[in-house]
Protein chains: 2
Amino acid sequence: MTARQDVQQADVPAICKSCEARQDGLCGAFNARQLAELAKASSRHEVPAGTELPDDGTYSNLLSGVVKLTRNLSDGRQQIVGFHFAPDFLGRPFEAKKPIRAEALTNVALCSFPKVIIDRMANEMPELGRLLLKHTLNELDEARDWMAALGRKTASEKLASFLLMVARNTDPAHHPASPISFDLPLTRTDIADFLGLTIETVSRELSRLRSDGTIRIVNKRQISLASMAQIEERCGD
Amino acid sequence: MTARQDVQQADVPAICKSCEARQDGLCGAFNARQLAELAKASSRHEVPAGTELPDDGTYSNLLSGVVKLTRNLSDGRQQIVGFHFAPDFLGRPFEAKKPIRAEALTNVALCSFPKVIIDRMANEMPELGRLLLKHTLNELDEARDWMAALGRKTASEKLASFLLMVARNTDPAHHPASPISFDLPLTRTDIADFLGLTIETVSRELSRLRSDGTIRIVNKRQISLASMAQIEERCGD
DNA sequence: GAGTCGCCTTGATCGAGATCAAGGTTTTGC
DNA sequence: GCAAAACCTTGATCTCGATCAAGGCGACTC
């Protein structure tokens, strides 16, 4: 049984159904006929944590899980340049100059479709092109926020900003004043590679935020905050 | 006399003529009728160094000069998140969440046109949407390169990478093995704000690169390199 | 020409975060 | 259930780049 058949036969949320319901990813823009065509062409993948995702021009909706994007220097130093949290849209509409490495941080479920179909639809449908553009602009905006953090924030401001980002992605609608707890989908090494720090500094700063009372470390991977607002104060911006 | 009349009467290179000839900026995508319409709606501006450019939704081709984009933290720490060198295209197709500050580093000549015109043309013309998207993807790619630099490079690698970027923008077609010299359109403060360093470190690292023989500092604002390839080796990537 | 201002360089010292080191905890595999 | 491996924390020390301080240089004013 192929992945494609799987989508058609089972009642699993394929791109069209799940995304249309949620009005996110790409799917808000399509009409019923297009959604049906996409459903046929799409395939659902389950990918275990640690897998590298090919940069092959396919487009995907990230149904669940977290993906990291990385750049490496020649001697192996690594910088994480972005994350994708469900229900983000993945994929680079044109071949960019440098390939980007993408890797699943957690188990990941993807609904992906061939480049040619999206490209054709983008030509028919200015709406879709706009959506892709808007999406890319948001990514650019985020990248620039992190540039400011990497260049100008202290270690503890970086940690606070990172925790706030994860909290926001865990529950975008969360009330700023009420407590929240969430899983960190990353190792200390990944956090360090994102914030331009070492794992020891990450560990120390987390301990400091805990003894401050700013955060509670339920276990190594689970954090709880008294409020978003409180951590926001420590971000420096 | 308004700027608009100025464009029509004088033979100054407005977007359409100059850009079509150069095949850059936005203008490669337009036909003759559209170019004529753009010419009518466009206005040419000369802006002195230090002016802040409004983030008002207009689109512009940067005809000459250099522009910096910045993010500020609440206490005034500044990070430069990008540059535009002529003949880049400026403008953000949709309102993004955070406004971005743009400032002319040198005297700048702009050819700008109202948002509504471009937006309408983008709807008629999938080509144009693609161009905007491609353009934004390139900016994203660059932002991510600088994230890697800010997070993981040493001060001297950052300086080398910066000099290489300026050299490439000064003469994109330059042969990698032959010598090149160029003006730095920035103060030491701006360089520091871009690289996440202090002005003293920038100054010291430039001095070190000079005593290495990697660069020659003709005067404070003019640098010459034996070759692009040589400086490339010192960038760490 | 003297004085002021903006910008840059260089030296001395400091400190945030890196590195080195050791041990603890959690997960995995048999 | 035990051993090994992976991951995390904490302490001691070091270092790169920041900070503090002084002076140089060029442009502009009077």
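Computed over heavy atoms, backbone and side chain alike; hydrogens, waters and symmetry mates excluded. Every chain is numbered from 1, with letters handed out A, B, ... down the list of sequences.
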Mind checking what makes side chain to side chain contact (heavy atoms under 4.5 Å, CB included) contact with [X], not counting sequence neighbours?
X: P172(A); value: none
X: E232(A); value: L164(A), R168(A)
X: T154(A); value: S156(A), E157(A), R77(B)
X: D190(A); value: K68(A), I80(A), L105(A), L186(A), T187(A)

Sequence neighbours excluded, the answer for ring-ring contact (aromatic ring centres under 6.0 Å, His included) partners of F162(B) is none
Minimal heavy-atom distance between V218(A) and S224(A), with the atoms involved, is CG2-OG, 4.1 Å
Heavy-atom nearest pair, N107(B) first then P48(B), reads OD1-CA, 3.3 Å
Those residues at least two apart in sequence (or on a different chain) that pass side chain to side chain donor-acceptor pair (under 3.5 Å) with R204(A) are none
Sorted by chain and number, sequence neighbours left out, side chain to side chain donor-acceptor pair (under 3.5 Å) with D237(A) holds for K153(A)
Axis-to-axis angle for the helix from dG1(C)-dC30(D) to dC30(C)-dG1(D), ends of five pairs each, to 10°, equals 40°
The single option from V108(A), V66(A), N169(A), L90(A) that satisfies side-chain contact (heavy atoms from CB on, under 4.5 Å) with H84(A) is L90(A)
Here the distance between atom P of dT9(D) and atom CG of N219(A), to the nearest Å, is 10 Å
Rounded to whole Å, the CZ-C1' distance (R221(A) to dC7(D)) equals 8 Å
Residues 211-220 of chain A vs salt bridge (charged side-chain N to carboxylate O under 4.0 Å, His left out), sequence neighbours excluded, gives D212(A)-R234(A)
The correct set of residues in residues 181-191 of chain B placing a heavy atom under 4.0 Å from DNA chain C is T187(B), R188(B)
In this structure, CD of Q79(A) is separated from CG of L150(A) (nearest 0.5 Å) by 5.0 Å
Trace of the side chain to side chain contact (heavy atoms under 4.5 Å, CB included) decision for I100(A) with V81(A)
CA-CA 9 Å; I100(A) 196 153; V81(A) 295; 3.9 Å; yes
Numerically ordered, the residues 157-165 of chain B set in heavy-atom contact under 4.0 Å with DNA chain D is none
Heavy-atom contacts, protein to nucleotides 10-24 of chain C, under 4.0 Å, summarised as B (base), S (sugar-phosphate only) or - (none) per nt, yield BBB----SSBB----
